[in-house]
K.L.:
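Here it is: the structure, laid out below.
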Amino acid sequence: MTTPRATVHCPDCGLEETFEKLAAARKRIEDHREETGHDPDWKLGRFAPGVKRMGDEAGVCGLGDY
């Protein structure tokens with residue numbers, strides 16, 4: 001089984017979905033906001049050490065190990 005790249009969660013309604021592609025997760029967040037007015041968030045899965053380091057250097061939040 002592949003480790004999900006992102007998990008989308010909405011604390012307002014309990015929505016929780018996992019995605020292998022970040023673009024699909026971002027689209028789900030935007031669709032959910034438009035459909036419900038809720039503000040879901042996401043947790044990003046594990047990334048290769050070089051990707052994480054580049055994100056840290058760029059100041060990108062959310063690239064932690066979950």
K.L.:
Can you tell which of Glu16, Glu17, Lys43 makes a side-chain hydrogen bond (donor to acceptor under 3.5 Å, both in side chains) with His9?
P.N.:
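The passing option is Glu16.
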K.L.:
What is the distance from atom SG of Cys10 to atom CG of Asp41, rounded to the nearest 0.5 Å?
P.N.:
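Result: 8.0 Å between the selected atoms.
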K.L.:
When rounded to the nearest 0.5 angstrom, what is the spacing between CZ in Arg5 and OG1 in Thr18?
P.N.:
13.0 Å
K.L.:
Between Arg33 and Glu30, does a salt bridge (charged side-chain N to carboxylate O under 4.0 Å, His left out) hold up when you go through it step by step?
P.N.:
CA-CA 5 Å; Arg33 283 181 179 147; Glu30 290 306 315; 2.8 Å; yes
K.L.:
From Leu15 CG over to Arg28 CZ, what is the distance, rounded to the nearest 0.5 angstrom?
P.N.:
5.0 Å
K.L.:
Restricting to non-hydrogen atoms, name the atom on Leu22 and the atom on Trp42 that form the minimum distance, rounded to 0.1 Å.
P.N.:
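Of all heavy-atom pairs spanning Leu22 and Trp42, the closest is O-CZ3, 3.8 Å.
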K.L.:
Closest approach of Ala6 and Leu44, non-hydrogen atoms and distance?
P.N.:
CB-CD2, 3.9 Å
